[in-house]
Amino acid sequence: MGSKDSVATLKGVGKQAAESLQEMKIETIHDLIMTFPYRHEDFQLKDLADTPHNERVTVEGRVESEPSVLFLGKNKSRTQVQVMVGRHLIKAIFFNQPYVKAKLHIGEIVTLTGKWDRGRQVITVSSHTIGPRTDGVDFEPVYSLKGSIYQKTFRKLMRQALDIAKTDLEDCLPESLRQNYHLMSVGEALEWIHFPTDGEALKQARRRFVYEELLMFQLKMQALRKKNREEEGGSFIDYDLNRLKEFIQALPFDLTDAQKRVVNEICKDMKEPFRMNRLLQGDVGSGKTVVAAIILYAAVTAGLQGALMAPTEILAEQHANTLAQWFEPFGLNIALLTGSVKGKKRQLILESLAAGEIHILIGTHALIQPDVRFRKLGLVITDEQHRFGVDQRRVLKDKGYNPDVLFMTATPIPRTLAISAFGEMDVSVIDEMPVGRKEIQTFWMKKDMFGKIVGRMEKELAAGRQAYVICPLIEESDKLDFQNAVDLFQQLSSYFHGKHTVGLMHGRLPADEKEETMRSFTEGEIAVLVSTTVVEVGVNVPNATFMLIYDAERFGLSQLHQLRGRVGRGSDQSFCVLLADPKTEVGKERMTSMTETNDGFVLAEKDLQLRGPGDFFGRKQSGLPEFKMADLVHDYRALETARKDAETMINSKEFWVSEETRCLREQLEESGALALGRLD
Ligand SMILES: Nc1ncnc2c1ncn2[C@@H]1O[C@H](COP(=O)(O)OP(=O)(O)OP(=O)(O)O)[C@@H](O)[C@H]1O
C-alpha cells in the first residue's frame, strides 16, 4: 500500500466515515495526511505567573475550600472553589456543572483546563480531572471535520495513513533549502503536526509547512509574472520625454517627490519590451489621477491610444473633466464612454476610436464591451482594482490587444496582502501627500450630540464650504435600524430651508440624476450632500470640508478612511464626525484609531489585525489566496522570504532542469500556473 491508495483501504473506515471523508474531499491517503489540524489543544502544565491574561491554560492544584454552587435559573449554575496552584491561591469557576461540587473535597488534587483571568485570578474551567495529571498528552490536534466522523476516529485513521505514507513520501522542498532554513523533513514534520508531544517540535513542523506553502504560492505568482512579461510579448512604449516634461510643467501644481518617483518607475517599465503589469497604491487624496494622466500622455506621445476605466459613472465623468482640462492646451482628443452614452453619440465615439482620432478613452466597464475597438491601444489604467473582475485583461486579449496595464487603488493595502493578492504584479506606492494639506480633525460622538454637530456644520457652510452626510443604507429596513438617507435628507432640508441647499445621492437613483446631483455639488450649487457610500471612491470636491458619518460602527476601518478622504482635499482645515455607538471592544478600537491617525497605511494594518485578511477587502473577489497553514498576518516574514526565493528560482536556469526541484516543478505544472492567464 502507498500514499496514492484510497482512504477506503484503511482499516476501520465504515460507511459513515467514508461519507465524511468524501465530504471533506479526502480521497487518497496522501490527501488525508495533508489535512492539517486547525489548532492544537495545549494541555501542558503551565506556571500561572507566566500565563498571559485570557489565555487557555492547564494547571494542577489542591482544593482549599468547600465548593459553593449558585443557581442562576433554569439549567444555569455557577460553582466556585478555591484552589492552590503553586504559590497562587486562585478561584476555579465551573458553569452549569453543579455535580462537580460532590467531587471536590478539601485537600484533593485536581487538574483544570480553562481560561485564565489574570486580574481576578480566576480560571473558568472548560475541562477538569480529579487527581494529578497522568495521561501525559500535552497536545491534542483538533481537525475541522465534516459529517459525522469523530476526532478520535479521525486520529486513528491518521495514524494508519501516516505509517503507510512514510514508505513512499517524497519531500518537495529541496535539501539545500531545508538545510539553509533548518526545516524538518516532510515525514518528520507530518509526525509532529498530527501527533505532537513537544511544543517546540510542533512549532518547527508548522514552520516547515508554512514556508513550503508560501513558497509554492509565490512560485506560481512569479511564474505567472515571468510568463506575462516575456512570453506574451509586450509593447515597447517609446514616449517623448520632452513633451512629457512640457505637460508636467503646465500642471497647476508641482508634483510631490512621491509622484515623481512613481512616474519614473512606471515610465521605465513602459519603455521595456515587456508588458507592464503594475499596481499603483496611494492613500486617499495623494494624487493618483495626475500620475495616470502623465502616463496616458506618455502613451499618446508614442503614437498609441490610452484607456482609463473607473468603477462608477460619477468617477469616470470626474476623471474625464479633470483630464480634459489638463489636456486641452495639448490638443488631445478625450472621450467619455459609459453605460449611459447611447445611440448616435456612442456610435460616433466608436468610429473615432477605431479611426485613432480619440487619444484617450475614459469610462466604466462599457470600455470593454465587444463593439469597442481601438486603433492602437497601448495602455490601460483601471482605477480601484479590486472592484473590477479579474477577467478584464482576458477580454482585452481576446480582442487582440496586449496593452500595458496599470491598476490604481486608493485602499492602502498592507504589504503582506499586496504581495499575496497581487503577487504577480510590480507595485508602486505614493506615500506622500501634496504640500499644504492639513490633517483632517476627526471626532467620535454619540447621537444625542446631533444639535451640536449640525451647529458646527452650519459654521462651515456659512464660510462658503460644503458638507457630506453619509448613511449606510438607502431605505429603512425592518431588520436593520439604520438611519435612512431619505429621511435624513428631508430633516436636513427643512432645517436648512432658505439658507443652504441639500442634495440626495444614492445608488438607486437613475444615472442621469446621479450625474446631475454630483455636478451641482461639484459646482457648489448644493451645500450639503446626503449620500450613501456611493461617494466612497474617488469623488473630488476640494471645497467640501465637513463630513458626518452616521452609524460609523457599521463600516470597516478602510472604508471609513475612504469616506473621510472625501474631505481634506484642499488647503482648508477639514472635519470628520463619526456618529457611532459601537457595542464591541473591536468596534470601539476602530473608532479610536480613526480619531488618532490620518494615515491610511497605519489604519490598513490595524484593520488587518482587527478583522483578519479574509475580511480586509470586505468582498469575495478580493483575490486573496486561502492557505492551509500560513497566516498572512503572522507569517509575513516567511512570505517575504518565500517571495525572494521564488523569484530567484523562477529566474534561474537550474530550477527548470534540476532533479532537486523536480517535485516543485511538477506541482507548479499541476497548478496550471504555467499554462493559464491567472490562477484560482
Ligand atoms: N502635487 C500636488 N500638489 C497639489 N495638489 C495636488 C497634487 N497632486 C494632486 N493634487 C490635487 O489633489 C487632489 C486629489 O488628487 P486625486 O484626486 O488625484 O487623488 P487620488 O489619489 O485619486 O485620491 P482618491 O483615491 O481619494 O481619489 C486633486 O484636487 C488634485 O488636483
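Atoms within each ligand, like the ligands themselves, are counted from 1 in listed order.
- Residue Leu255 places no N or O, backbone or side chain, under 3.5 Å from any N or O of ligand 1.
- When heavy-atom distances to ligand 1 are checked against a 4.0 Å cut-off, Gln259 comes that close only through its side chain, counted from C-beta outward.
- Cation-pi check for Arg465 over Phe546 is not met; the charged atom does not lie both under 6.0 angstrom from the ring centroid and within 45 degrees of its normal.
- Checked by distance only, ligand 1 and Val290 stay at 3.5 Å or farther apart across all their nitrogen or oxygen atoms.
- Contact of the Leu323 side chain with the Leu296 side chain is registered, since non-hydrogen atoms from C-beta on lie closer than 4.5 Å.
- Look at Arg519 and Glu515 and you find no salt bridge, because none of the NZ, NE, NH1 or NH2 atoms lies under 4.0 Å from a carboxylate O.
- The aromatic rings of Phe253 and Trp326 sit perpendicular, their planes meeting at an angle over 60°, well past the 30° parallel limit.
- Using a 4.0 Å cut-off between heavy atoms, Gln281 makes no contact with ligand 1 at all.
- Ring orientation note: the planes of Phe327 and Phe247 are close to parallel, at an angle under 30° on the 30°/60° scale.
- For the residues Arg569, Arg437, His561, the heavy atom positioned nearest atom 12 (O) of ligand 1 is part of Arg437.
- Near Thr289, meaning under 4.0 Å from any of its heavy atoms, are these atoms of ligand 1: 16 (P), 17 (O), 18 (O), 22 (O).
- Using a 4.0 Å cut-off between heavy atoms, Asp254 contacts ligand 1 through its backbone alone, with no side-chain atom that close.
- Arg261 and Asp431 are joined by a salt bridge, as a carboxylate oxygen and a charged side-chain nitrogen come within less than 4.0 angstrom of each other.
- When Gly287, Pro542, Gly600, Gly436 are ranked by how near their heavy atoms come to atom 19 (O) of ligand 1, first place goes to Gly287.
- Contacts between Arg566 and ligand 1, counted as non-hydrogen atom pairs separated by less than 4.0 Å, involve the side chain only.
- More than 12 heavy atoms of other residues, nucleotides or ligands sit less than 6.0 Å from atom CG of Asp238.
- When non-hydrogen atoms are compared, ligand 1 lies under 4.0 Å from the backbone of Val284 as well as from its side chain.
- Under a cut-off of 6.0 angstrom, the local environment of CD in Glu328 is sparse, with at most 12 non-hydrogen atoms contributed by other residues, nucleotides or ligands.
- Ligand 1 does not have Gly282 within reach: every non-hydrogen atom of the residue lies 4.0 Å or more from it.
- Evaluated by nearest non-hydrogen atom to atom 6 (C) of ligand 1, the leading choice among Pro434, Ala292, Gly565 is Pro434.
- Residue contact check: Ser286 has heavy atoms under 4.0 Å from atoms 21 (O) of ligand 1.
- Looking at Thr442 and Arg564, their side chains do bring a donor and an acceptor atom within 3.5 Å of each other.
- Under the 4.0 Å criterion applied to side-chain N and carboxylate O atoms, Glu357 and Arg375 are not assigned as salt-bridge partners.
- Of all atoms in ligand 1, numbered sequentially from 1 with element shown, those under 4.0 Å from a heavy atom of Thr256 are 1 (N).
- Residue Asn540 has at least one N or O atom closer than 3.5 Å to an N or O atom of ligand 1.
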